[in-house]
Amino acid sequence: MTNNRLVTLAAAAAFLACPAAVRAGGQFNAVLIASNCAVCHGPGGKSAGFTPGLDKLTKEAIADKLRKFRSGEKPSTIMHRFAKGFSDAQIDAIAAQLGK
Amino acid sequence: MSKHSATENSRREFLQLVGAAGVVSALTLTGRVSLAGSSGRVVVVGGGFGGATAARYVKKFDPSIDVTLIEPNIKYVTCPFSNAVLGGIREITTITHAYKGLSKAGVKVLHDSVSAVDPVKKTLVTKGGDSIAYDRLIMSPGIDFRFEDVPGYDEAATQMVPHAWKAGQQTVNLRRQLMAMDDGGLVIIASPGNPFRCPPGPYERASLIANYLKYNKPRSKLLLLDAKSKFSKMPLFLEGWAIHYKNIEWIAGDKGGQVIEVDAKNRVAITDFDKHKAAVFNFIPPQKAGAIAHSAGLTNKSGWCPVDFSTFESTIHKGIHVIGDAAIVTGMPKSGNAANSEAKACAAAVVALLKGDKPTTPMTSNTCYSLITPEHAISVTAVWTASPDGYKKNSGGVSPMGRDATFRRLEATYARGWYANISRDIWG
Ligand SMILES: Cc1cc2nc3c(=O)[nH]c(=O)nc-3n(C[C@H](O)[C@H](O)[C@H](O)COP(=O)(O)OP(=O)(O)OC[C@H]3O[C@@H](n4cnc5c(N)ncnc54)[C@H](O)[C@@H]3O)c2cc1C
């Protein structure tokens with residue numbers, strides 16, 4: 001847990017420190033990964049319907065959901081299949097992009 | 001300070017003017033042009049899933065880049081959900097998109113078609129006679145058909161025997177034929193070998209046409225002739241067909257399912273062993289990269305375009321990136337969602353390269369939903385990371401077998417959500 005928090009803080013700090021439109025975020029590009037969420041959840045996380053939007057969720061809530069999808073604690077149709085593809089650092093970086 | 005000639009200055013002013021209007025027309029540019037205040041010029045060929053996404057995301061990632069999208073059609077009809085149009089559960093207007101949203105996002109949309117590319121001079125020529133310069137070119141021309149591989153099937157034959165594998169007039173044609181058919185008529189779908197656009201597409205199409213027949217032409221049957229003996233999401237499709245349809249017969253490639261010749265006038269599918277006469281015949285031909293990819297010299301002997309996996313830059317011509325169905329993206333399927341994800345990765349790489357930065361290793365993802373009925377959907381998903389030999393899967397998989405109707409209905413709802421949202425992400 002403490003480790004996860006540290007990563008979260010480090011990731012968040014990296015984002016604040018880097019104003020470029022496309023941030024490298026270490027070896028991965030968080031803006032790029034997060035842009036893929038738009039296809040189901042809508043541009044900017046604003047869904048046109050049928051699929052839950054993300055725009056009202058905090059960063060913490062998004063990261064928490066992704067971790068619970070990944071562990072299987074939270075049941076889903078497809079989200080567990082996605083969440084398993086991301087490391088803790090990537091989950092936090094995605095959440096930092098999408099969350100309030 | 002300025003060493004520009006008067007003509008050069010007025011040309012620059014002219015460019016700025018047309019740029020401001022958001023429309024490009026009758027431009028004749030030779031050589032490389034850098035517009036004042038912009039950090040390069042990106043031209044995108046093709047306004048489908050890959051190209052329209054790439055144009056939008058280059059602009060989004062770096063608004064100072066001058067982005068022009070070239071697409072012949074005023075409106076784009078999506079293949080996704082065109083099977084629902086064939087099955088009579090959606091109108092074609094609901095899968096038709098204009099380009100206003102892209103213009104609003106700052107992309108210059110030119111309705112023309114590219115007829116030649118010069119990778120050395122970094123210019124291209126359009127059918128309308130314009131010559132346009134680029135710093136980086138992104139091509140997403142989609143597919144064309146290997147008519148040369150199937151005796152009896154050519155452009156003219158597509159009216160009697162539609163492929164409907166590019167949506168629009170072909171979709172309407174096939175829908176009309178299905179509606180006009182007498183109850184009891186045989187519908188044949190012929191599915192090609194790999195690789196082809198949308199691996200689960202023929203099986204979703206069989207499902208939704210079978211659904212239409214079940215309620216409207218209960219004495220009719222659907223015969224699915226296949227070049228393959230295994231297909232995408234096969235156990236899930238077979239499970240769904242066992243629940244919903246008694247009217248589908250599938251003949252696998254290893255049981256003689258491959259159609260090797262077409263008699264279009266009589267709507268006859270010819271295999272090694274048999275001749276099958278249809279009332280409505282949907283032939284999905286073998287495929288290759290879109291014609292312009294061939295004439296631009298971007299294809300290898302497979303008929304598709306080899307690219308570097310982290311930038312999508314052609315391994316044949318520097319400065320030209322190829323994405324979507326036309327590209328060889330080892331590990332990823334030829335889908336609209338994959339084209340969208342590749343386009344975003346390519347856009348990030350192009351922005352980095354124009355700045356002189358090193359592109360990051362991209363991650364991509366894909367979800368392909370297939371409707372078995374309007375309320376029963378299944379999916380395949382994946383997350384990938386680029387490597388020197390292709391996209392390596394981090395995670396993914398297909399829907400679980402044996403789930404109840406509630407679960408399948410939820411996936412059908414999310415399929416609609418996917419369509420509504422990816423359409424806005426691209427053309428909205
Ligand atoms: C029946 C069916 C169902 C499908 N369902 C799904 C689905 O549910 N989910 C999914 O993810 N995918 C689906 N697909 C696949 C999807 O349609 C394709 O993978 C996707 O369209 C590929 O995008 P693209 O940009 O490569 O090509 P396209 O979307 O075909 O775009 C190519 C564009 O380039 C333009 N063009 C071609 N040549 C030129 C030129 N010389 N100059 C200028 N412009 C040019 C064309 O006019 C066209 O607009 C389906 C496909 C089919 C056939």
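Below, chains carry the letters A, B, ... as their sequence lines are ordered, and counting in each starts from 1.
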So which heavy atom on [X] is nearest to which on [Y], and how close?
X	Y	answer
B:Ser365	A:Phe82	CB-CE2, 3.8 Å
B:Arg424	A:Pro43	NH1-CD, 3.6 Å
B:Ala345	A:Leu32	N-CD1, 3.5 Å

Inset, instruction - Sort A:Ser76 into side chain, backbone, both or neither according to what part of it lies under 4.5 angstrom from a heavy atom of chain B. - result: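 For A:Ser76, backbone heavy atoms alone lie under 4.5 Å from chain B.
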Inset, instruction - Identify which part of A:His41 has an atom lying under 4.5 Å from any heavy atom of chain B, answering side chain, backbone, both or neither. - result: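 Backbone of A:His41 only, per the 4.5 Å heavy-atom cut-off to chain B.
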Please classify the contact of [X] with chain A as side chain, backbone, both or neither, using a heavy-atom distance under 4.5 Å.
X	result
B:Asn366	backbone
B:Thr364	backbone
B:Pro362	both
B:Asn337	side chain
B:Tyr57	side chain
B:Ala382	backbone

Inset, instruction - Give a yes or no on whether the backbone of A:Ser35 and the side-chain of B:Lys344 come within a donor-acceptor separation of less than 3.5 Å. - result: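 Here the side-chain-to-backbone pair exists.
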Legend entry - Sidechain-backbone polar pair: B:Ser395 side chain, A:Gly85 backbone, donor-acceptor under 3.5 Å: yes
Legend entry - Test log, rule side chain to side chain contact (heavy atoms under 4.5 Å, CB included), inputs B:Phe407 and A:Thr77: CA-CA 8 Å; B:Phe407 189 90; A:Thr77 52; 3.9 Å; yes
Legend entry - chain A interface, residue from B:Pro359, B:Ala347, B:Ser341 that has the most non-hydrogen pairs under 4.5 Å: B:Ser341
Inset, instruction - Find the one option among B:Ala352, B:Gly397, B:Ala420 whose heavy-atom pairs under 4.5 Å with chain A are most numerous. - result: B:Gly397
Min side-chain heavy-atom separation [X]-[Y] under 4.5 Å:
X	Y	answer
A:Phe86	B:Val383	yes
A:Val39	B:Trp418	yes
A:Cys40	B:Tyr419	no
A:Ile78	B:Glu411	yes

Inset, instruction - Please say whether more than 12 non-hydrogen atoms of neighbouring residues, nucleotides or ligands are located less than 6.0 Å from NZ in A:Lys56. - result: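 No, not enclosed.
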Inset, instruction - Decide if atom NZ of A:Lys65 counts as having more than 12 heavy atoms of other residues, nucleotides or ligands within a radius under 6.0 Å. - result: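 It does not: A:Lys65 NZ has 12 such atoms or fewer within range.
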Legend entry - Spacing of CG belonging to B:Asn394 relative to CD belonging to A:Gln90, to within rounding of 0.5 Å: 7.0 Å
Legend entry - Atom pair OG1 (A:Thr51) and CD1 (B:Ile422), whose distance is rounded to the nearest 0.5 Å: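 Answer rounded to 0.5 Å: 11.5 Å.
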Inset, instruction - Taking atom types as modelled, find out whether B:Ser379 and A:Arg81 have a side-chain donor-acceptor pair closer than 3.5 angstrom. - result: yes
Inset, instruction - Examine the side chains of A:Ser47 and B:Asn421 and answer whether a donor and an acceptor come within less than 3.5 Å of each other. - result: yes
